[in-house]
Amino acid sequence: MSGPLPRPLPHDALTLDAIRTCLEGVIPGTIATADAEGTPNVSQLSQVHYVDPGHIALSYQFFNKTRANILANPDAQLEVIDPATGAQYRLRLAYLRTETDGPLFESMKAKLSGIASHVGMAEVFRLRGADLFRVVAIEAVPGGCPLPAPVRPRSLLSAVRRACEGLRGAADLSDLLDRAIAALRDLFGVEHALILLPDTASGRLFTVAALGYEASGRGSGIGWEVAPGDGVIGMAARERVPIRITHMTTDVAYSMAMREGTAAAVAREIPFPGLDRPHSQLAVPILAHNLTHPGACGELAGVLFVESAQEMRFTYDDEDALATLAAQLGALMRGLPPAHGAEVEEVPTPAVTPPAIGDPIIVRHYASDDSVFLDHDYLIKGVAGAILWKLVRDHTALGRTDFTNRELRLAPDIPLPDFAENLEARLILLQRRLADRCGCLSIEKTGRGRFRLVVEKPLRLEEMS
Amino acid sequence: MRRERGLDETVRRFLDRSLSVNAATSDQDGRPLVARAVAARVSPDGGRLTVLIDGRANAALVAAVAGTGRLAVVFTEPSTHRSIQIKDDNASVAAPTVEESALPGPYIDGFIAELAGMGFTEAFVRAVMEFEPADLVALHLAPADVFDQTPGPKAGERIPA
């Protein structure tokens, strides 16, 4: 949220952050407005969107009486209920403006599509705008008899602290990503997670770390791709804003329709990320801030994505926790030592790999998109495909097994974008795709900026034009 | 704009069950106020509605209704989202009669039954609806204006008399 911060409240005043559970869409809120003559109107709301500690937004789908009233008289009062305890709160609101694009609009649209489908109203859903309100005051309604708050299975604040501590000291990008995935699993109890990195040339995102997709029937998750703007991951990347859906059913057009379009149009072999039937999803952008331009919006360094078959699995607090973890990841990714720093003078250790035996693996390369197939099965494409093709050619023609990052960056036949991180990300992707796929062809790291191609079967190369 | 005759049969039938009932008014300065009601009843001829409310929890709204006479009440069936809004600019506040004081008990029981199918427990619904009987206040209104408030493109359309 841009604009001035809300005026400081007394230290014991109830804050919007403390009652965000009421804004999860479980129980409709109720809003009172009045026209210029003072005639009141009361209406239920399926979605009240938390924007920041001083603002909420309401979805503008139809031009109804509530909307006519706030345009005439910006004063409104909203009543919400905590879905866990039944505690009720009233918020005094002041209407500010309506946004029709940008991060707030997109994150509401994503969320509303889930809610609309949840309540069987998907066909009437169309978000025209996000009506933004300042929260002027919050009061706890002195009625009802709230239940005690349920004990949560874990402390998110503690999980964030320990996760951030666990990321420190990572040797390289691959190690850092593995530590992040382990933290999601062990500290946050996440069952399905992906970390995607952007291809700076195409803008597409590709998965380099995954958790919990082995049973998906579509591979481990490594190598899955998404275009900016597609689904919750693509939207989080494009808008640089967390996107969270708490109720999601299979008829939600949001991810599914996008999924079909993406997969069919771009590359049939590359699955769209995620579970087939998710009920909760949260995608958080990983931003790397440039220290020389501290005020500038961060550059997209990746997307952290978690999902669950359970409804309401990820709350506002989960979103904050993972956004904090993503911020730490972004800072650490930027601060990693360059992978090619120490490699130049080192002499590669001679290979000790036993000679390749058995039936040959057919390695087929299509020059049009640098896609590589192993025994007719798609493996990888793009820069990572070009890297693999160079490695197997050098291996078969020259008997080489040891390579350096530096020579790949200088190789004329690898169309690498400018950034060093891009090469390392591609090598991680290639290494993990190979590990997923066969086992008779793999990449082992042998030192900083150095690696070995391990070939356990003879290779037969086929270049297709 | 005031009606001479009461609510039509369809609306009366809709209101003759336990619904989510929410009320709004505006004070002398035009500031809107909102409150949750615990029960409601339509008179047999459909010409008068009574809405029962926790007057302590909603003191500002009760005072504003008494002062301005403005009242809007929305009745919503949670399982279907079907909603009707009824407005009057000549509403009044009164202490509930003995008969009116007895309305919330069965009304809340019916509401619990309606919400049970949506995954809400009885304990939760009672936690929201709980009130001290001595705090109960009756708001009376005539159905001067009736609107279909079911979410969708037709929300807000006046229901003809």
Side-chain angles (χ1 to χ4, degrees), chain A residues 26-46 61-70 72-73 75-88 90-93 116 119-121 123-126 139-148 311, chain B residues 20-36 38 53-61 64-65 68 70-74 76 78 80-81 83 85-87 89 115 119-121 123-132 135 145 147 149-157:
Chain A
V26 178
I27 299 176
T30 309
I31 191 167
T33 56
D35 67 14
E37 285 72 48
T39 303
N41 190 83
V42 57
S43 183
Q44 292 213 307
L45 303 164
S46 63
Q61 290 165 263
F62 305 103
F63 194 86
N64 53 28
K65 192 64 185 166
T66 295
R67 187 166 170 79
N69 283 357
I70 57 165
N73 171 9
D75 200 338
Q77 193 177 48
L78 172 69
E79 186 164 279
V80 294
I81 299 178
D82 185 320
T85 67
Q88 298 159 76
R90 275 191 290 251
L91 286 66
R92 175 63 57 189
L93 304 176
V119 299
M121 301 195 307
E123 70 281 1
V124 299
F125 148 71
R126 181 180 154 239
E139 59 168 320
V141 177
C145 185
L147 304 170
E311 286 199 348
Chain B
S20 171
V21 184
N22 289 278
T25 187
S26 69
D27 65 14
Q28 304 286 2
D29 301 323
R31 286 164 73 80
L33 296 156
V34 65
R36 168 174 301 274
V38 293
I53 199 162
D54 180 341
R56 188 178 59 87
N58 303 290
L61 176 126
V65 173
T68 67
R70 298 168 187 147
L71 185 60
V73 184
V74 66
T76 303
T80 62
H81 300 281
S83 302
Q85 182 170 205
I86 295 174
K87 295 188 186 183
D89 55 9
L115 288 179
F120 291 98
T121 63
F124 179 81
V125 181
R126 292 206 185 278
V128 174
M129 307 300 276
E130 185 78 27
F131 64 94
E132 285 294 326
D135 294 330
D145 282 296
F147 304 90
Q149 201 78 8
T150 307
K154 291 187 173 177
E157 279 189 6

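Chain naming here is simple, since letters A, B, ... match the order of the sequence lines and numbering starts at 1 in each. Below, all heavy atoms of this structure are taken into account, side chains as well, without hydrogens, waters or symmetry copies.
- Residue Phe131(B) does not touch chain A at all, counting heavy-atom pairs closer than 4.5 Å.
- Contact annotation for Ser20(B): only side-chain heavy atoms (C-beta onward) come within less than 4.5 Å of a heavy atom of chain A.
- Within the 4.5 angstrom heavy-atom criterion, only backbone atoms of Thr85(A) (N, CA, C, O) approach chain B.
- Looking at Gln88(A), its side chain does come within 3.5 Å of a backbone N or O of Val128(B) through a donor-acceptor pair.
- Heavy-atom distances place the side chain of Ile81(A), and not its backbone, under 4.5 Å from chain B.
- Only the side chain of Phe120(B) comes within contact range of chain A, with heavy atoms under 4.5 Å apart.
- With a 4.5 Å cut-off on non-hydrogen atoms, Ala36(A) does not touch chain B at all.
- Leu33(B) pairs in a side chain to side chain contact (heavy atoms under 4.5 Å, CB included) with only one of the listed residues (Arg92(A), Glu79(A), Arg90(A)), which is Arg92(A).
- Heavy-atom neighbours of Glu132(B) CD from other residues, nucleotides or ligands within 6.0 Å: at or below the threshold of 12.
- In this structure, no portion of Asn69(A) lies under 4.5 Å from any heavy atom of chain B.
- For the pair Asn73(A) (side chain) and Gly30(B) (backbone), a donor-acceptor distance under 3.5 Å is present.
- Using a distance-only test at 3.5 Å, with no hydrogens or angles considered, no donor-acceptor pair links the side chain of Ser26(B) to the main chain of Pro40(A).
- Within the 4.5 Å cutoff, the side chain of Pro142(A) has heavy atoms near those of the Arg56(B) side chain.
- Arg70(B) approaches Glu37(A) most closely through the heavy-atom pair NH2-O, 3.4 Å.
- No other option in Gln28(B), Gln149(B), Glu157(B), Arg36(B) has as many heavy-atom pairs under 4.5 Å with chain A as Arg36(B).
- The minimum heavy-atom distance between Val34(B) and Thr30(A), with the atom names listed, is CG2-CG2, 3.7 Å.
- Between chain A and the options Ala23(B), Ala57(B), Ala123(B), the largest number of non-hydrogen pairs under 4.5 Å is found for Ala57(B).
- Contacts between Ile27(A) and chain B at a heavy-atom distance below 4.5 Å involve the side chain alone, from C-beta outward.
- Interface residue Asp54(B): only side-chain heavy atoms are found under 4.5 Å from chain A.
- For a residue to count as touching a neighbouring chain, one of its non-hydrogen atoms must lie under 4.5 Å from one of that chain's; by this rule Val125(B) does not touch chain A.
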Applying side-chain hydrogen bond (donor to acceptor under 3.5 Å, both in side chains) to Asn41(A) and Gln85(B), what does each step give before you reach the verdict?
CA-CA 8 Å; Asn41(A) 190 83; Gln85(B) 182 170 205; 2.9 Å; yes
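- No other option in Ala87(A), Pro83(A), Ser43(A) has as many heavy-atom pairs under 4.5 Å with chain B as Pro83(A).
- Atom CG of Asp75(A) sits about 8.5 Å away from atom CG of Asp27(B), to the nearest 0.5 Å.
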